[in-house]
Each structure stands twice: as C-alpha cells, then as structure tokens.
Engineer: 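First the structure, then my questions, so here it is.
Remember, it's 1-based here, ligands and their atoms both numbered in the order they're listed.
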Amino acid sequence: MWWKESIVYQIYPRSFKDSNGDGIGDLRGVIEKLDYIKSLGVDAVWLNPIFKSPNDDGGYDISDYYTIQPEFGTMADFDELLAGLHKRDLKLILDLVLNHSSDEHEWFQQSRKSKTNPYRDYYFWKPGKDSNPPNNWPSFFGGSAWQYDETTDEYYLHLFSRKQPDLNWENPKLRNEVNQLMKFWLDKGVDGLRLDVISAISKRTDFPDTDTPDFNETIRKFYSNGPRLREFIAESREKLWNHYNIVTVGEGPGITPQNALDYLDEKQGLNMIFHFGHMFMDQGPGGRFDPKPWTMQEFKQVFKTWNETFATRGWGSVFLGNHDFPRMLSRWGSDKQYRDESAKLLLTLLLTMRGTPFIYMGDEIGMTNTVLNAVAESKDIETLTGWEVAHKQGMTEAQFLKAANYAGRDNARTPMQWNKGPQAGFTTGDPWMMVNKNHAWLNVDDQENNSSSILNYLRSLTTLRKANPVFSYGSYQELESNSNLFAYYRQWQQEKMLIVLNFSDEVTNLPHEVQGLSKVKLIGNYSESDQLNPWEAAVYKV
Ligand code: TEU
Ligand code: CA
C-alpha cells in the first residue's frame with residue numbers, strides 16, 4: 001500500500017503561486033513549481049478544493065463538482081498538472097467536499113424551489129417550531145445550523161455556513177450522484193481522495209436538541225459518527241474505490257480513538273484518517289476562539305493514544321498544521337528566539353512519527369503566523385462569523401483579535417514566500433491576501449542555497465525517512481522523560497531508532513535510560529553536544 005510509505009505535501013492552491021498576475025494562486029502556478037515540490041522528497045500532493053465555488057468558505061462550498069474553479073484555471077490546466085505530477089512520479093490526492101455543497105449548486109437551486117421538486121431530498125428540509133429553527137444545533141460558523149427559506153416556509157440544515165447546505169446521504173439518489181462525481185475524477189487518473197467532514201455524512205437524523213454546551217461534544221454526539229456511517233463508506237468502497245489503486249483519507253471532526261477503527265475497516269472502510277486530538281486540545285468549550293492552555297503531557301499523550309489505537313490495524317496521518325489551523329511553528333514551536341531550531345524539531349517529529357506524514361506548504365521553510373490588526377482584515381468566514389458571535393457576547397475586538405491571531409485560519413493562508421521580492425514572488429499583481437512581511441528574510445530562495453536552512457534540513461529528513469522503513473512500519477514506544485522532552489523509539493525488525501525532541505527553551509539531559517547507550521546520530525539541528533540544547537532535535541540509530 002503505497003500510501004503507508006508516502007510523504008504528502010499539502011498545497012492550498014489559492015495561496016501557493018499565482019501565474020497570471022490576478023493575485024490569486026492557480027493550477028498553472030503549481031505546474032511552475034513541480035520541480036520544487038519534487039525536490040522536497042515528497043511522494044504525493046494533496047490539493048485543497050479546486051472546483052467551481054463562490055468561495056464562501058475557501059472553496060469548501062462547491063457549486064459544480066465537474067468544473068475547475070475558473071480563477072484557478074481550466075480542465076486543460078488540470079490535465080497538464082496531473083501529467084506533470086505523474087511524470088515526476090508524484091501522486092495527486094484531490095480534496096472532495098461531500099458533506100455539503102454550495103447553495104449555488106444546481107441541486108440546491110432545484111431543491112429549494114418546492115417541496116415536491118425531485119431534488120428536494122438531496123438536502124435536509126424541516127418545518128420550524130413556532131417560527132424557530134427545528135432544533136438548537138449551532139453552526140460551526142456562528143448562529144443556528146438551520147436557515148429559514150421562505151419560498152417553501154421551511155428550514156434547511158447547514159452545519160457550516162448558510163451557503164453550505166448539508167447533503168442528505170440518507171437519499172440513495174444523492175449517494176449515487178456523489179459516487180458518479182468521484183468516479184469522474186478517479187477515471188482521470190487521480191491517485192487519492194481527501195474526504196472532507198466525512199465523519200458527518202451520517203447524522204442523528206431524528207434531529208434531537210443537543211444536550212451539551214460543549215461544541216466539540218455536540219459534534220461528536222449529534223453531527224458525526226452517525227448510525228449509517230459505515231454503511232455509506234462501505235457502499236462507496238464496494239461500488240467505486242475498490243476498482244482503483246487509490247488512497248482514501250477521511251477527515252472530520254468527531255473522530256475519536258474509540259471510533260476511529262469504525263472508519264477504517266480493512267475490507268469496507270477508508271484507508272486512513274486525520275485525527276485531531278492535538279489540534280483541538282487547546283480549544284475550550286466555546287471552540288476555536290475560546291482557547292485554553294495546553295501542556296506537553298497532553299501533546300505527548302495524543303501521540304501515545306493514537307499509536308495504541310493503530311498498533312495492530314488501521315492507519316493514521318501525522319500533521320502539525322494545515323489550512324484550518326495556525327502555523328505549526330507559531331503554535332507548537334518558538335517562532336522568535338529559536339525559530340530555526342524549533343522549526344527543524346517539529347519537522348523531525350513529523351518525519352519520524354508513525355503514520356503518513358502530511359507537510360503543509362510553507363512549513364518546510366518555517367513560515368509563521370500573520371497578525372490581523374482588525375477583524376475586517378480576515379479573509380476567513382470562520383473568523384468573521386466568530387467575531388459576530390463574540391461581539392454579541394460582549395467581547396471587545398481586541399480580545400477577539402487575540403484569540404483569532406492565536407487560533408485563526410488566516411494564519412495558514414498567507415501567500416507562500418518564494419523570495420524577498422515584491423509580494424514574496426507569489427504574484428506580480430495585488431495578492432488576494434496580504435503577504436507576511438517577514439518574507440524579506442524568510443523565503444525559499446534564501447534557504448535554497450543555505451545548507452543549514454530549514455528547507456535543506458527537511459530534504460535531509462525526507463531522505464532519511466525514505467531510506468529507513470522503520471519510520472513507516474516500526475513500532476512506537478515513548479520514553480518516560482521530563483515534561484518538555486519528547487523522546488521515543490521506533491523499532492522494526494533489527495532496526496531501532498531513538499528520537500529526542502527538547503520542546504523547551506532550557507538545556508536538558510537525555511533520558512537517563514539512554515545516556516549509556518551506544519548510538520549513532522543520523523540527523524539533528526545542533527552539532528554534537530552531550531546535553532540537549534534548547535529545541536534540540538536528534539535522531540539516533542541504536
Ligand atoms: O474542516 C472540518 C473540520 O474539521 C472543522 O473542525 C475545521 O477545523 C473548521 O476549521 C471548523 O473549525 C473541513 C475543512 O478542512 C475546512 O476548511 C472547512 O471549512 C470545513 O470542513 C467545511 O467544509
Ligand atoms: Ca492567478
């Protein structure tokens with residue numbers, strides 16, 4: 001199974017490279033950078049959605065699953081990109097959004113016309129209760145998860161924005177349509193699918209009120225992990241996916257160690273999932289903009305728990321950032337004093353942990369968070385609606401900005417920093433989103449020719465991982481060590497590796513049980529020293 005040994009590079013196309021000067025990244029921009037992508041030593045590319053969309057939620061609101069987003073290019077561009085990837089022995093994983101469509105999709109335009117329209121049951125429609133929504137479910141993006149539509153005097157369900165009506169998978173006609181659109185892309189030779197919010201395609205369709213104020217708990221209990229989830233996945237597997245040599249990656253809130261294997265049945269399930277244990281551990285009951293402190297113990301426990309979950313079956317992904325979360329360096333590392341060291345440390349974790357690693361574009365050079373000085377600067381519906389909710393609850397803009405600058409998605413969507421030139425070489429035009437000012441010294445070009453750069457360290461890491469199957473297939477055993485030292489073994493047949501990561505500004509010692517061990521250092525972000533320096537990462541063959 002190729003995907004167990006693959007290293008995946010995630011590209012958010014809107015912010016990767018603009019080829020035609022309109023300030024918006026596009027497919028031709030990705031084509032221009034294929035040799036760069038190959039040079040990273042990755043095996044596959046995951047592209048965030050590239051389909052026609054009004055962009056209410058960064059392309060996760062698709063209005064035509066068969067057409068390339070016009071501002072990203074044409075189907076011919078797509079075909080050229082796919083051929084260019086395959087020519088370089090790179091695979092392509094597309095991001096399909098099947099829990100909901102855009103409200104501008106033809107299906108929804110029909111569905112909303114009348115209660116007897118043949119497309120009515122492609123979505124969830126319900127009468128209100130005394131001119132209130134059918135139940136108390138909150139949307140991810142603020143307000144109710146139900147939107148009143150006066151044409152038919154009913155409400156439709158949208159777990160995300162009101163322009164993202166949930167598709168009704170209970171309807172076999174809809175499931176057939178979804179399988180057909182997946183088939184279209186698989187027949188073009190795509191190598192994998194990242195299935196957005198797959199955890200929510202089976203919901204509690206009796207639609208009871210949520211009985212908890214904790215949003216993530218509401219997701220787990222009511223929005224995701226529904227009674228027919230395995231059945232729906234098994235149907236697509238049987239009817240479609242089994243006929244292709246592809247990987248299916250399930251994404252979605254609500255996937256837990258207790259239910260993850262339900263998604264990953266060897267015969268009838270997905271191939272792997274993204275889990276979010278570490279990504280939500282600093283979210284309070286109010287969700288993303290209600291941050292709470294996290295500890296290294298919790299962080300380490302997440303990896304321990306998921307390795308136990310997948311110890312004998314199932315398969316996980318390893319990621320520390322993506323388009324939905326702040327930059328990993330700013331969130332988990334030290335993006336000021338120990339920038340280089342901690343960026344390399346985080347990449348070392350990513351490339352030596354058990355599971356398929358996903359590198360988010362820009363993390364290979366240590367890109368950092370941006371700073372919003374006003375909510376109006378945000379380009380993200382989740383931040384904009386999050387502010388509406390917070391404001392109503394009496395939060396000041398300054399308080400909300402603090403949370404948004406810590407946890408918001410804009411952080412991960414600033415343009416890729418190619419060089420120190422205008423707009424970081426991302427565009428010759430006016431970028432759709434402001435470029436981070438630190439591109440003057442933080443960019444690909446400056447790191448290409450610096451042998452000790454984060455970029456070249458990443459290349460050494462991917463080379464190391466590909467040369468040693470222990471990193472893909474080996475067991476995982478965490479060493480008991482002080483709170484900020486993350487140390488673990490990876491073992492497979494005769495190979496045994498020791499990885500030590502000092503997640504702190506302090507000097508510390510190797511765990512005592514390895515101090516006398518004979519070991520050979522394979523890679524590290526400091527030259528030899530018998531103690532562990534601040535943010536020191538090292539990989540030893542033992
Ligand atoms: O995200 C679903 C998801 O896991 C959410 O919890 C996510 O973190 C989002 O930011 C809400 O907090 C997927 C996509 O990755 C995300 O970009 C989309 O906004 C969302 O689905 C709806 O399609
Ligand atoms: Ca463009």
Side-chain angles (χ1 to χ4, degrees), residues 10 12-32 46-51 53 55-62 68-74 77 95-102 138-142 145 158-167 194-201 215-216 218-220 223-224 249-255 273-280 283 286-290 319 321-326 358 360 379-386 404 407-413 415 423 426-433:
Q10 179 194 351
Y12 192 73
R14 193 172 193 81
S15 301
F16 188 66
K17 176 73 174 64
D18 168 26
S19 70
N20 64 347
D22 67 356
I24 298 168
D26 43 53
L27 299 188
R28 187 144 295 284
V30 182
I31 292 169
E32 287 173 8
W46 155 29
L47 272 185
N48 290 95
I50 56 173
F51 313 102
S53 163
N55 271 326
D56 190 54
D57 177 21
Y60 281 89
D61 47 316
I62 296 172
I68 299 296
Q69 173 72 320
E71 55 199 16
F72 285 170
T74 63
D77 293 330
D95 196 330
L96 276 179
V97 187
L98 306 173
N99 173 68
H100 45 271
S101 75
S102 164
S139 154
F140 275 84
F141 297 155
H158 61 87
L159 295 184
F160 291 90
S161 87
R162 59 175 64 93
K163 283 183 68 63
Q164 293 171 293
D166 280 61
L167 289 166
R194 180 256 189 198
L195 299 165
D196 184 68
V197 196
I198 197 74
S199 51
I201 59 173
F215 185 52
N216 282 318
T218 293
I219 295 168
R220 282 192 295 276
Y223 299 178
S224 52
V249 194
E251 187 269 353
I255 298 179
I273 52 122
F274 291 116
H275 68 74
F276 289 88
H278 52 325
M279 303 314 267
F280 289 146
Q283 289 190 8
R288 183 187 296 274
F289 301 113
D290 174 22
F319 70 106
N322 63 25
H323 63 292
D324 283 335
F325 294 97
F358 282 68
Y360 182 53
K379 303 288 184 189
D380 176 15
I381 185 168
E382 187 174 35
T383 294
L384 295 167
T385 53
R409 304 192 299 182
D410 291 284
N411 283 310
R413 299 175 181 189
Q423 308 305 352
F426 162 71
T427 178
T428 55
D430 183 17
W432 75 279
M433 181 172 195

Engineer: Output the list of atoms in ligand 1 that are nearer than 4.0 Å to some heavy atom of V197, sorted by atom number.
Structural biologist: 2 (C), 13 (C), 21 (O)
Engineer: If you count the atoms of ligand 1 from 1 in the order shown, which ones are under 4.0 Å from a heavy atom of H100?
Structural biologist: 22 (C), 23 (O)
Engineer: So, E71 and the Ca ion (ligand 2): N/O/S under 3.0 Å, yes or no?
Structural biologist: no
Engineer: Closest non-hydrogen protein atom to atom 15 (O) of ligand 1, residue and atom name please, with distance?
Structural biologist: D324 OD2, 2.4 Å
Engineer: Angle at the Ca ion (ligand 2), OD1 of D22 to OD1 of D18, rounded to 10 degrees, please.
Structural biologist: 90°
Engineer: Nearest to the Ca ion (ligand 2), which N, O or S atom of D26 do we find?
Structural biologist: OD2
Engineer: Could you check whether any heavy atom of M279 sits closer than 4.0 Å to an atom of ligand 1, since that is the contact criterion I want to use?
Structural biologist: no
Engineer: Does R194 come within less than 4.0 Å of ligand 1, judged by its heavy atoms?
Structural biologist: yes
Engineer: Which residue supplies the protein heavy atom nearest to atom 11 (C) of ligand 1, what is that atom called, and how far is it?
Structural biologist: E382 OE2, 3.1 Å
Engineer: Which ligand 1 atoms, with their elements, are less than 4.0 angstrom from a heavy-atom of F141?
Structural biologist: 19 (O)
Engineer: Does the side chain of L27 come within less than 4.5 Å of I50's, by heavy atoms?
Structural biologist: yes
Engineer: Please test D196 against L98 for side chain to side chain contact (heavy atoms under 4.5 Å, CB included), starting from the C-alpha separation and ending with a verdict.
Structural biologist: CA-CA 7 Å; D196 184 68; L98 306 173; over 6 Å; no
Engineer: Answer yes or no: is there a side-chain heavy-atom contact under 4.5 Å between Y60 and D95?
Structural biologist: yes
Engineer: Is the closest heavy atom of P253 to ligand 1 under 4.0 Å?
Structural biologist: yes
Engineer: Under 3.0 Å from the Ca ion (ligand 2), is there an N/O/S atom belonging to N20?
Structural biologist: yes
Engineer: Looking at non-hydrogen atoms alone, which of D380, D57, D95 comes nearest to atom 18 (C) of ligand 1?
Structural biologist: D57
Engineer: Mind checking the CZ-CE spacing from F319 to M279? Nearest 0.5 Å is all I need.
Structural biologist: 4.5 Å
Engineer: Over 60° means perpendicular and under 30° means parallel, so tell me whether F160 and H100 are parallel, tilted or perpendicular.
Structural biologist: tilted
Engineer: Given side chains that start at C-beta, do those of F274 and R194 come closer than 4.5 Å, heavy atoms only?
Structural biologist: yes
Engineer: Check each heavy atom of F274 against ligand 1 and say whether those closer than 4.0 Å belong to the side chain, the backbone, both or neither.
Structural biologist: neither
Engineer: Atom 8 (O) of ligand 1: which of R288, E251, H323 has the nearest heavy atom?
Structural biologist: R288
Engineer: Closest non-hydrogen protein atom to atom 5 (C) of ligand 1, residue and atom name please, with distance?
Structural biologist: F140 CE2, 4.0 Å
Engineer: Going by heavy atoms in the side chains, are E251 and V197 under 4.5 Å from each other?
Structural biologist: yes
Engineer: Are side-chain heavy atoms of R288 and F325 found at a separation under 4.5 Å?
Structural biologist: yes
Engineer: Does R409 pair with D57 as a salt bridge, N-O distance under 4.0 Å?
Structural biologist: yes
Engineer: Parallel, tilted or perpendicular, judged at 30° and 60°: which one describes the rings of F276 and F280?
Structural biologist: parallel
Engineer: With a 4.5 Å heavy-atom cut-off, do I201 and I198 have their side chains touching?
Structural biologist: yes
Engineer: Using a 4.0 Å heavy-atom threshold (strictly under), name the region of F280 that reaches ligand 1: side chain, backbone, both or neither.
Structural biologist: side chain
Engineer: May I ask you to check if any N/O/S atom from I24 comes under 3.0 Å of the Ca ion (ligand 2)?
Structural biologist: yes
Engineer: Any side-chain donor-acceptor pair under 3.5 Å between Q423 and D18?
Structural biologist: no
Engineer: Distance to 0.1 Å, residue and atom name: give those for the protein heavy atom nearest to atom 9 (C) of ligand 1.
Structural biologist: R409 NH1, 3.6 Å
Engineer: Nearest protein heavy-atom contact for atom 20 (C) of ligand 1: which residue, which atom, what distance?
Structural biologist: F160 CE2, 3.7 Å
Engineer: Can you tell me the protein heavy atom closest to atom 13 (C) of ligand 1 and the distance?
Structural biologist: D196 OD1, 2.8 Å
Engineer: Does the side chain of S199 reach to within under 4.5 Å of the side chain of Y223, using non-hydrogen atoms?
Structural biologist: no
